[in-house]
Amino acid sequence: MAIEIQIKEIAIDAIEKLYGQKVSPEIVQVQQTRKDQKGDFTLVVFPLLKFSGKKPEETGNEIGLYISNNLNFIGSFEVIKGFLNFSLLHSFWLTRLNEINSDTQFGFKPVTDQSPQMMIEYSSPNTNKPLHLGHIRNNLLGFSLSRIAKANGYKVVKTNIVNDRGIHICKSMLAWEKWGNGLTPQTSGKKGDHLVGEFYVKFDQHYKNEINTLINSGLSKEDAEKKSSLMAQAREMLLKWEAGDKKVVQLWEMMNSWVYEGFAETYKALGVDFDKIYYESQTYSTGREMVLEGLKNNLFLRKSDGSVWVDLTDKGLDEKLLLRSDGTSVYITQDIGTAKLRFDDFAIDKMIYVVGNEQDYHFKVLSWVLDRLGFKWGKDLFHFSYGMVELPEGKMKSREGTVVDADDLISEMIITAREMSGELGKLDGYSTEEAEQVFKVIALGALKYFMLKVDPKKNMTFNPKESIDFNGNTGPFIQYTYARIQSVFRKAALKEIIWNGTAPVNVGLNDKEKNLLLSVSNLGNVIGEAGNSYSPALIANYVYDLAKEFNQFYHESTILFEENEQIRNVRLAICKAVGSTISKSMYLLGIDVPERM
RNA sequence: GGUCCGGUAGCUCAGCUGGAUAGAGCAAUAGCCUUCUAAGCUAUGGGUCAGGGGUUCGAAUCCCUUCCGGAUCACCA
């Protein structure tokens with residue numbers, strides 16, 4: 001049981017015994033003592049004064065005495081300005097340290113057949129262009145969430161819905177037919193998703209030219225858009241696709257397969273993966289059937305033009321279109337179908353969608369529509385909404401060429417890591433391949449940590465030139481701390497220092513050592529909290545604090561040069577616990593830690 | 001206009017189930033590599049926690065309000 005809770009329970013006892021009053025638990029606040037004060041845990045006395053009817057000093061001392069008499073791990077206590085500070089016995093901390101070190105799953109809950117199942121949807125790309133910075137945030141969040149959920153005892157299914165059909169991919173297809181000259185990823189030497197993306201851009205350019213020409217010939221912008229022959233051809237292609245036209249479907253399959261090869265490469269570089277991928281092309285008709293069935297059951301309404309709507313005004317939302325007047329499906333239709341297929345495929349207890357906050361409204365609607373269709377999980381679906389990634393100049397705009405491409409970014413990061421490592425020259429004993437592997441780990445560590453340490457719901461600014469640093473509050477700093485610890489153990493072996501892996505419990509601890517133990521101990525709780533609040537950022541910030549504290553400790557204290565064997569063993573045990581905690585936390589963020597760097 | 005989300009140091013961000021003197025990093029300045037990795041450590045400067053009101057022994061944190069920024073309210077996805 002967490003120490004805070006133990007103190008709290010005894011405190012409640014104390015008030016009843018001392019003052020004859022029953023207090024509710026939320027009034028009793030136990031927290032960690034501020035770093036600049038003596039003590040480990042603090043009971044806030046102010047709210048208890050009305051029960052004691054005495055001054056803060058006196059009340060604190062009475063309760064403090066009761067608690068230290070009833071909890072065997074309290075070493076001493078003092079009352080400062082209405083705060084009752086407890087110092088715990090060193091032996092308690094050291095016992096705790098040994099417990100942590102002997103528990104390889106410390107902080108992680110086991111997953112069994114009986115565990116609830118959680119499905120997490122993330123990534124969800126369109127197949128007409130390559131992944132960009134925004135997708136990176138999505139993928140990293142989704143992947144990290146899946147690991148956090150698993151550490152909290154969920155069976156996790158990672159899923160992806162690929163938006164592989166629709167007008168957008170038809171635009172790329174049409175451009176390729178018109179101006180592609182049979183170009184393929186092989187003949188062009190380009191990554192498949194980038195190639196297809198280029199044709200999407202090409203379509204857009206030609207379309208704009210066409211519109212401008214029409215406008216110059218005297219048409220209004222609206223009429224020009226209606227008269228555009230390129231757009232008409234793209235639409236026609238979509239209709240042919242829906243009708244199963246052989247040639248169109250073949251082209252579609254070919255170009256999508258290029259994109260998938262490209263995506264696979266990016267996903268691999270990012271280190272994310274999926275257990276089950278759904279394709280919109282396979283789910284949208286199910287969605288349409290469900291809407292029509294709902295219409296039959298009077299859950300939805302059909303307007304005079306034939307379009308189908310859901311009225312959610314009673315939920316504070318608007319009317320929302322579910323099927324177009326021509327009977328074709330819209331964006332949400334596909335999500336309805338996908339949801340049904342998923343729940344048919346898996347016994348899902350909890351469904352999480354990792355999707356940007358521009359779709360907050362969409363998911364509110366989806367939730368109610370599914371509820372109305374009779375799915376008991378509809379109301380409970382969880383939209384993990386995250387903010388946009390912006391550039392210093394503002395939003396990314398493909399039109400202005402300010403989109404930061406995922407692949408470009410990753411390779412630039414690796415180049416920077418390589419240069420920096422070269423300058424520092426610490427990997428001199430490594431082969432080229434080994435060193436290259438470490439550069440990748442560091443580069444990705446920097447990128448991932450940067451994206452994950454920010455509160456997901458906030459928009460974040462990404463400065464391509466300055467943002468990603470390798471110093472300070474960064475992934476590499478934490479990785480570095482881990483590498484240092486590993487180095488200590490390598491050196492210990494070289495020096496033939498014999499250590500049985502445990503800390504002696506009869507040794508005193510200095511403040512830094514105690515703080516490190518506290519931080520390690522906390523991370524166990526934080527992992528659970530992160531599971532409830534779904535926040536990789538929580539873990540990221542805690543693990544940074546731990547790494548920072550360790551680096552300070554490392555500079556202030558000797559470890560292997562410590563002559564007192566007992567103290568040396570305590571410090572080695574702390575190194576072990578910190579290293580293992582860092583690696584577990586980073587694992588939850590999807591970040592690897594190197595043995596050397 | 002309705003709804004939702006944000007506003008904390010020059011910049012990027014923590015802290016938000018109310019607690020002690022609001023924290024990091026970057027940037028700036030000054031130190032520290034013949035001791036376990038200097039991607040590090042130490043020190044200095046930097047704040048009307050957007051403004052105003054309220055609740056409270058106590059507010060960056062909760063409530064109300066104003067201002068600023070973003071998102072959304074499509075037969076787009």
Side-chain angles (χ1 to χ4, degrees), chain A residues 26 29 31 33-37 42 44-47 49-50 56 80-83 85 124 126 128 163 166-168 280 303 305-309 316-332 334 356-362 364-365 385 387-388 390 392 394-395 417 420-421 423-424 426 442 446 450 453-455 457-463 466-467 469-481 483-492 494-495 497 537-538 540-542 544-545 548 551-562 571 575 596-597:
Chain A
E26 56 272 17
Q29 299 172 47
Q31 55 203 231
T33 304
R34 279 176 64 107
K35 289 270 158 69
D36 52 1
Q37 299 284 331
T42 294
V44 186
V45 181
F46 294 111
L49 300 183
K50 58 184 166 220
I80 312 259
K81 295 200 292 187
F83 295 90
N85 297 332
S124 314
N126 291 345
N128 61 324
N163 298 302
I167 193 76
H168 52 86
E280 188 187 330
K303 295 207 169 166
D305 62 2
S307 55
V308 179
W309 297 73
L317 305 171
D318 299 315
E319 287 191 343
K320 187 84 186 171
L321 179 82
L322 299 179
L323 285 179
R324 294 195 188 96
S325 51
D326 62 3
T328 57
S329 58
V330 290
Y331 182 56
I332 198 168
Q334 164 273 126
N357 64 7
E358 72 271 16
Q359 294 195 31
D360 286 356
Y361 185 79
H362 169 80
K364 273 184 201 160
V365 172
S385 166
M388 332 187 67
E390 290 168 358
K395 293 176 65 172
M420 196 148 172
S421 266
E423 277 172 32
L424 295 168
K426 291 184 191 173
I442 295 169
F450 183 82
K453 76 173 174 184
V454 180
D455 183 352
K457 72 169 179 268
K458 288 186 178 173
N459 288 357
M460 63 183 292
T461 307
F462 178 86
N463 186 329
E466 296 166 17
S467 271
D469 210 330
F470 291 75
N471 303 316
N473 184 356
T474 63
F477 172 80
I478 298 164
Q479 290 171 322
Y480 171 71
T481 310
R484 259 187 164 173
I485 292 170
Q486 301 318 301
S487 173
V488 168
F489 287 110
R490 278 195 302 270
K491 285 275 156 64
L494 284 178
K495 283 173 174 280
I497 287 174
L538 196 63
N541 286 295
Y542 265 85
Y544 169 70
D545 286 343
K548 187 167 167 56
N551 273 293
Q552 290 166 353
F553 159 76
Y554 183 92
H555 279 269
E556 284 172 16
S557 321
T558 50
I559 302 169
L560 298 177
F561 296 97
E562 173 59 49
R571 292 185 179 161
C575 285
R596 282 179 63 180
M597 69 180 272

*Asks:* Using nucleotides 69-71 of chain B, report all nitrogen or oxygen pairs with the protein that are shorter than 3.5 Å.
*Replies:*
unit_1: B:rA71; atom_1: OP1; unit_2: A:Lys395; atom_2: NZ; d: 2.8

*Asks:* Going by the rule salt bridge (Lys or Arg N to Asp or Glu O under 4.0 Å), which residues pair with A:Glu562 if we only count those two or more places apart in sequence or in a different chain?
*Replies:*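 Testing A:Glu562 for salt bridge (Lys or Arg N to Asp or Glu O under 4.0 Å), a comparison that skips the adjacent residues, returns A:Arg571.
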*Asks:* Which residues satisfy the ring-ring contact (aromatic ring centres under 6.0 Å, His included) test with A:Phe470, sequence neighbours excluded?
*Replies:* none
*Asks:* With sequence neighbours left out, write down each residue that passes side chain to side chain contact (heavy atoms under 4.5 Å, CB included) with A:Ser124, or none if nothing qualifies.
*Replies:* A:Glu121, A:Asn160, A:Ile161
*Asks:* Quick one: salt bridge (Lys or Arg N to Asp or Glu O under 4.0 Å) partners of A:Asp455, sequence neighbours excluded?
*Replies:* A:Lys457
*Asks:* Go through the structure and list residues passing salt bridge (Lys or Arg N to Asp or Glu O under 4.0 Å) with A:Asp326, not counting sequence neighbours.
*Replies:*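 A:Asp326 satisfies salt bridge (Lys or Arg N to Asp or Glu O under 4.0 Å) with no residue once adjacent residues are dropped.
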*Asks:* Checking A:Gln359 now: which residues fulfil side chain to side chain contact (heavy atoms under 4.5 Å, CB included) with it, not counting sequence neighbours?
*Replies:*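 For A:Gln359, the residues satisfying side chain to side chain contact (heavy atoms under 4.5 Å, CB included) (neighbours in sequence not counted) are A:Tyr331, A:Val355, A:His362, A:Phe363.
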*Asks:* Test of understanding: with side chain to side chain contact (heavy atoms under 4.5 Å, CB included), list the residues that count as partners of A:Lys320, not counting sequence neighbours.
*Replies:*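 So A:Lys320 forms a side chain to side chain contact (heavy atoms under 4.5 Å, CB included) with A:Val310, A:Tyr361, A:Val365.
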*Asks:* Using a cut-off of under 3.5 Å, enumerate the N/O to N/O pairs linking the protein to nucleotides 17-24 of chain B.
*Replies:*
unit_1: B:rG19; atom_1: N7; unit_2: A:Gln29; atom_2: OE1; d: 2.8
unit_1: B:rG19; atom_1: N7; unit_2: A:Gln29; atom_2: NE2; d: 3.2
unit_1: B:rA20; atom_1: N6; unit_2: A:Thr42; atom_2: OG1; d: 2.9
unit_1: B:rA20; atom_1: N6; unit_2: A:Asn85; atom_2: OD1; d: 3.3
unit_1: B:rA20; atom_1: N1; unit_2: A:Asn85; atom_2: ND2; d: 3.4
unit_1: B:rA24; atom_1: O2'; unit_2: A:Tyr544; atom_2: OH; d: 2.8

*Asks:* Please, what dot-bracket string fits RNA chain B when only Watson-Crick and G-U pairs with both distances under 3.5 Å count, crossing ones use [ ] and pairs to another strand use |?
*Replies:* ((((((((.[[[[.)...(...]]]].(((((.......))))).....[[[[[..)....]]]]])))))))....
*Asks:* Listed by chain and number, what are the salt bridge (Lys or Arg N to Asp or Glu O under 4.0 Å) partners of A:Arg34, not counting sequence neighbours?
*Replies:* A:Asp36
*Asks:* Taking only residues two or more places apart in sequence or in another chain, which ones pass side chain to side chain contact (heavy atoms under 4.5 Å, CB included) with A:Ala537?
*Replies:*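 A:Ala537 satisfies side chain to side chain contact (heavy atoms under 4.5 Å, CB included) with A:Pro456, A:Ser535, A:Asn541 once adjacent residues are dropped.
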